Number of protein chains: 2
Amino acid sequence: MADSLNERSQNILEAIVEDYITSAEPVGSRAISRKHSFNLSPASVRNVMADLEEMGLLCSPHTSAGRIPTGKGFQYYIDTLLEVRDLNQNEKQNLRNSYRFQNMKMEDVMQEVGRVLSGLSQYTGLVMAPKFISTVFRQIEFIRLSQGRLLMIYVSETGLVQNKVIEANSSLTAQDLEYISNYLNSELNGLSIHDVRIKLKEELRKDRIHYDQLKQQALNLSCAALQDEVEDQLYVSGASLMLGQPEFSTPEKMKQLVQAFESKKVLIELLDRGQSAQGVQIFIGSESSDIDLQGCSLITSNFSNQKGAIGTLGVIGPVRMNYSQVVPIVDFTAQLVSRVLDREIEQN
Amino acid sequence: MADSLNERSQNILEAIVEDYITSAEPVGSRAISRKHSFNLSPASVRNVMADLEEMGLLCSPHTSAGRIPTGKGFQYYIDTLLEVRDLNQNEKQNLRNSYRFQNMKMEDVMQEVGRVLSGLSQYTGLVMAPKFISTVFRQIEFIRLSQGRLLMIYVSETGLVQNKVIEANSSLTAQDLEYISNYLNSELNGLSIHDVRIKLKEELRKDRIHYDQLKQQALNLSCAALQDEVEDQLYVSGASLMLGQPEFSTPEKMKQLVQAFESKKVLIELLDRGQSAQGVQIFIGSESSDIDLQGCSLITSNFSNQKGAIGTLGVIGPVRMNYSQVVPIVDFTAQLVSRVLDREIEQN
DNA sequence: ATTAGCACTCAACAGGGGCGAGTGCTAATA
DNA sequence: TATTAGCACTCGCCCCTGTTGAGTGCTAAT
């Protein structure tokens, strides 16, 4: 239905959205008529604006103010009016140079990506590391802490390190632990955690009374170590940049925003929603959705290595965000990070 | 000099500080005269107040407002008037129950401590993990990533896991790496990183042309792995609680505060300053000190295990903070955490 | 030494008028 | 018939004003 807009209405809507993006203030008919050479008088523009308002694409904060785009208006703009140009070689190279991944461990790479995304966009950068369950097993080690407590260290294909403390009432010697980890490392190498879990279940079922006590132990331990879900890791960078945006200039809005960023839960849910999709995705935090992120938009893209471990990165900013600038940055960064992940994998 | 205050002045100063702590508003002579049974008229109180103002312990925001304590005033209050009562057994048990450390890895313990500190105090909780250089070596592992790149995993005595990517142009086999880590684990076990570094330097100097190629490699690798300084890990919890405090209710103050919390640098510097001291320390962010943390006070205490790895935890709140409530919490928590760290160490 | 009394100060609040940006409607125009 | 000039109207914003009330400093009396 919204596609039934004629060209003039589209042009005017586009002009309003873009003016609003730069000014953050209601846009009046006079400004549109003057700045953009439509050769239309303010009065004509007003007529079109009234139509757009009726359609729910614009609204006016009060009678004598200009119009601002509604969530729906932004949605329409993004869906049908926004043209995202690709970066040229020069810009790509600049972006590549912004990131310094040399000899960085995975956590630092994630953090660096967030920082750079935030710095380039001047909004808040988000990076969610690949979920534990989607990572590919590379190596596991057990280290004895105090009596009955082991430290498990897990390394994924891409060099992501996880550790966990597990209870183990039996007293295993250092040799036992070495044997166990060797056994697991040879058995589980190259499987995703998801597949690891399936395999472990099978093995445990098959060998209820295992001939080899130590192998039995190994299965038990790895079950304890790899079964539970691991909290998602989310890196938030440049949260304070959002506080500079006029839409969040009141103390209440600020507090709300900082709370939302701090708990991370809402953000993770939002990022999860885009995990199945490909390419850049845009979420508009309209009035309907989460209260915590009212007035925010999210531009995300997934990154992944060839083995399928998927993470998400993106930028969160005000709805009134410079989409045409940020979208290509997010897009290309996701590609870059995917390549970095693959670099970690041993070529054979 | 400030100690030359007579008893009445002290009482009045104390009353003002405590009123101000609960109300966050300038305290007038009338209120003091009425609420606290000094049997003094407002006029007499005013005379004393004028003296205290002259001494720099109080100030008035404007002529017709009450008085508020200056930084110096708070300092005096803390140094000579504040009585910190110990927690009774009941309260200690409650505090113990607030923390659930079972089967938590170190990072999670740190985070949990921050969360609970923040929750109990209703201010912002800070935890700085023991510095890398002060930790005691327990185990090191090397995992091959791609061609020429190794992942080093280091575990400290208390189960703190660090990892790092290092360049290694030589091509070492898995067996080589195992040999190397075994060698290092036996050589370096129980030494602090500080001592490890000294030992490595010595060894390298001694065996410039080492008879054993692999041992030489081991020394080189561990040098690369353990030489650099590692970024301090700081956990900040409940930053948004600070934004609810009236002293940070303006947008500018909020932004400033969030920025300071986000960069962490200022906080780390501040926490570092207290690392050498014992027991609870209080820093008042007076006008003179860091601009970023104006209006903030910091209550910290160090925690450590028997081997000497030192970390710091604490609470940051407005200068107008409830010291008598928060100080014992910070104190006892530090003791608790120290005990948890020791629990990790193998008893032999 | 303490206190009652009094004049004074000043932030906070509410009301009112002018300004200006912007709108909707209507009638004239190409 | 689509466009536009003109005009009355709306309403947020700003500035000025007067009032209120909490609190002070000073002085003289106790």
Side-chain angles (χ1 to χ4, degrees), chain A residues 4-13 15-17 19-20 22-70 73 246-247 249-251, chain B residues 4-13 15-17 19-20 22-70 73 246-247 249-251:
Chain A
S4 65
L5 283 185
N6 61 40
E7 200 181 328
R8 180 161 59 164
S9 307
Q10 288 201 350
N11 286 338
I12 288 181
L13 177 59
I16 292 174
V17 170
D19 263 32
Y20 182 64
T22 62
S23 74
E25 262 158 36
V27 184
S29 55
R30 215 176 115 81
I32 294 295
S33 148
R34 252 191 300 124
K35 273 191 260 176
H36 307 264
S37 45
F38 293 138
N39 288 330
L40 282 179
S41 74
S44 307
V45 174
R46 279 204 288 278
N47 288 329
V48 178
M49 281 166 124
D51 296 346
L52 292 171
E53 179 159 10
E54 201 161 3
M55 284 187 251
L57 300 173
L58 297 180
C59 67
S60 41
H62 59 88
T63 20
S64 73
R67 304 296 210 299
I68 62 178
T70 61
E247 29 270 278
S249 61
T250 68
Chain B
S4 64
L5 281 187
N6 61 38
E7 199 180 329
R8 180 162 62 165
S9 307
Q10 289 200 349
N11 287 336
I12 288 182
L13 177 59
I16 293 174
V17 170
D19 264 30
Y20 182 65
T22 62
S23 75
E25 258 156 40
V27 184
S29 56
R30 217 176 113 81
I32 293 296
S33 149
R34 252 190 303 125
K35 273 191 263 177
H36 308 264
S37 45
F38 294 137
N39 288 330
L40 281 179
S41 74
S44 307
V45 174
R46 279 205 286 280
N47 288 329
V48 178
M49 281 167 126
D51 295 347
L52 292 172
E53 180 161 8
E54 199 160 5
M55 283 187 249
L57 300 173
L58 298 179
C59 67
S60 41
H62 57 89
T63 19
S64 74
R67 303 297 211 296
I68 61 178
T70 60
E247 31 269 278
S249 61
T250 67

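A note on names: the letters A, B, ... follow the listed sequences, proteins ahead of strands, and every chain is numbered from 1. Computed from a prediction, not measured in an experiment: that's the story for all the values here.
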Whole-Å distance between [N] [atom2] and [X] [atom1]?
X	N	atom1	atom2	result
Leu52(A)	dT23(C)	CG	P	12 Å
Arg30(B)	dG25(D)	CZ	P	16 Å
Ile32(A)	dT23(C)	CD1	P	10 Å
Glu25(A)	dG22(C)	CD	P	10 Å
His62(A)	dC13(D)	NE2	P	6 Å
Leu58(A)	dG22(C)	CG	C1'	14 Å
Arg67(A)	dG12(D)	CZ	C1'	16 Å
Ile16(B)	dT24(D)	CD1	C1'	13 Å

Note: for Asn39(B) and Gly28(A) on DNA chain C, the residue whose nearest nucleotide lies more 5' is Asn39(B)
Report yes or no: does [X] contribute a side-chain atom to a donor-acceptor pair with the main-chain N or O of [Y] at less than 3.5 Å?
X	Y	answer
Ser60(A)	Thr63(A)	no
Ser23(A)	Asp19(A)	yes
Ser33(A)	Ser41(A)	no
Thr70(B)	Cys59(B)	no

Under the 3.5 Å Watson-Crick or G-U criterion, the dot-bracket string of DNA chain D, with | for inter-strand pairs:
||||||||||||||||||||||||||||||
Among dT23(C), dC11(D), dT3(C), find the nucleotide with the atom closest to the side chain of Ser44(B).
dT3(C)
Side chains of Arg8(A) and Leu40(A), heavy atoms from C-beta outward: is any pair under 4.5 Å?
yes
Taking C-beta and beyond as the side chain, do Leu5(A) and Asp51(A) meet within less than 4.5 Å on heavy atoms?
no
Strictly under 4.0 angstrom, non-hydrogen atoms only: write out the protein contact profile of nucleotides 25-30 of chain C, one letter per nucleotide from the 5' end, B, S or -.
------
Using a 4.0 Å cut-off on protein heavy atoms (strictly under), produce a 5'-to-3' string for nucleotides 13-21 of chain C with B for base contact, S for backbone-only sugar-phosphate contact, and - for none.
--------B
If you measure from CD1 on Ile12(B) to CG on Leu57(B), what distance do you get to the nearest 0.5 Å?
12.5 Å
Atom CD of Gln10(A) and atom CG of Leu13(A): how far apart are they, to the nearest 0.5 Å?
8.0 Å
Reference residue Ile16(B); test side-chain contact (heavy atoms from CB on, under 4.5 Å); the match among Val45(B), Val48(B), Ile32(B):
Ile32(B)
Tell me what Ser29(B) touches on the nucleic acid: a base, only sugar-phosphate, or nothing, going by heavy atoms under 4.0 Å.
sugar-phosphate
Are side-chain N/O atoms of Asn6(B) and Ser9(B) paired as donor and acceptor at under 3.5 Å?
yes
